J.: 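This is the structure, below, for whatever I ask next.
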Amino acid sequence: MSQEIFGIHHVTAIASDPQQNIDFYTHVLGLRLVKLTVNFDDPGTYHFYYGDEVGQPGTILTFFPWRGARRGRPGNGQASVTSFSIPEGAVGYWQERLGRLGIFVGEPSRRFDEEALVFLDPDGMQLELVAEAGVESRRPWAGGPVPPEAAIRGFHSVTLWEENLEHTAALLTGVLGFRLVQSAGSRSRFEAASSEPGSILDIIHRPDQGPGWGGAGTVHHVAWRTADDQTQQAWRQEIASLGFHVSPVMDRQYFHSIYFREPGGVLFEIATDPPGFTWDEAPDRLGTGLKLPSWLETQRVQIEQILPDLSLPEVITP
Ligand code: ZN
C-alpha cells in the first residue's frame, strides 16, 4: 500500500426540488451554502455545495436537484446513510429542534459507543446526527441558525449497504488504507488514517436483500480525499492495475476527480483537497452568486434562463 485515504472529501446526492433542498440544509441543518453552480455534465441543473465556513474537505454535502426527479430506493450497492458529527452535549438540542421544525425523529439510537439521531430529508434521504467525542474543537459554520455550540462539525461517516462484505472490505483495508476497527451484528466499522471529519465508513452486510436504485433521496457517489494531483495519479494507476475501470481525471473546478465503482456497486470518487471553494469567491461571499466554469460562461444567459429562481439563505454575520 503506497498511500492512504484521509476520509470523506464530499458526498453527492440527488434531490427533487432545489428550493426545498436549500431550505432544509441551510435553515434546518444549519450548513452553509458554499457554492452555487451547475452540474457540469447537465448545465440546466443546479449543483449545490453545502459545508462548513469554507467548505473544507470532510464537511461537503452536494446535491443535483433535478426538478421532479422520482424517488430512488435505498438498498444494497448504495451509500444508504449519511451521518454528520455533532458535539456530545447537543443531542437534546437537535431532538427538540428537528421535532419543532416538523422532522420526525425518534429517540437516539446507540451504536458502538455513540448516540445517533436518525431522520430523513424531504426526499427521504437517510441522515444521522452522531454525537462524537472531541468534535467541539472543530470550527463550525457560525453564520447559520444553529448556535455554534450545537452546530454540525462535518461528516461522521457514510454507511454502505452491501450484499457481500468481503470484497468491499478487501478494497478498503488492502488498498485504500482503512482499518477494520469494530463490528457488531451486521455492522462493520472501518476507519481511515486520520482523525479529521468523515474518517469513518460503516458497512451493513445485508445478504439476500435487494439492490437499491438511484433517484431523489439517494446518494449518487462518495468522494474520498487525496492530497494533490500527483497522489491522485498514483491512485489512478494503482486502482486501474487491480482491474477496476477508473475514469480519466475530471476538472470539477473546486477539486479534481477520478471515479470507479467499488466491488459492491457504490460509485467512489477520489478528489483532491485543492484548490477548494475560495479561489473564485471571497470567503464572506461564498454561495451568493451563480458560478460557472469558463467553458460554460459564454452560455450564462441561456443557462440562467433555464435554471429555476431561488431564494438564497440569509447569512447571519457571525
Ligand atoms: Zn463528486
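These numbers come from a predicted model, not from an experiment. Every number for a ligand or one of its atoms is a count from 1 in the order of the listing.
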J.: Considering only NZ, NE, NH1 and NH2 on the basic side and carboxylate oxygens on the acidic side, decide whether Arg252 and Asp41 come within less than 4.0 Å.
T.: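 Looking at Arg252 and Asp41, the cut-off is met.
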J.: Tell me whether His221 has at least one N, O or S atom under 2.8 Å from the Zn ion (ligand 1).
T.: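 Here the distance criterion (N, O or S atom, under 2.8 Å) is met by His221, so yes.
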J.: Between Arg153 and Glu132, does at least one N-O distance fall below 4.0 Å, as a salt bridge requires?
T.: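 Not counted as a salt bridge, because no side-chain N and carboxylate O are separated by less than 4.0 Å.
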J.: Does a side chain donor of either Ser157 or Asp202 reach within less than 3.5 Å of an acceptor in the other side chain?
T.: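 There is no such pair (donor and acceptor under 3.5 Å, judged by atom type) between the side chains of Ser157 and Asp202.
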J.: Please determine, by modelled atom types, if Thr168 and Glu262 share a side-chain donor-acceptor pair under 3.5 angstrom.
T.: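 Result is yes, a qualifying pair exists.
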J.: What N, O or S atom of Glu269 is found closest to the Zn ion (ligand 1)?
T.: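 In Glu269, the N, O or S atom with the shortest distance to the Zn ion (ligand 1) is OE1.
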J.: Using 2.8 Å as a strict upper limit, say whether an N, O or S atom of His10 approaches the Zn ion (ligand 1) that closely.
T.: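 Looking at His10, which is the residue asked about, there is an N, O or S atom under 2.8 Å from the Zn ion (ligand 1).
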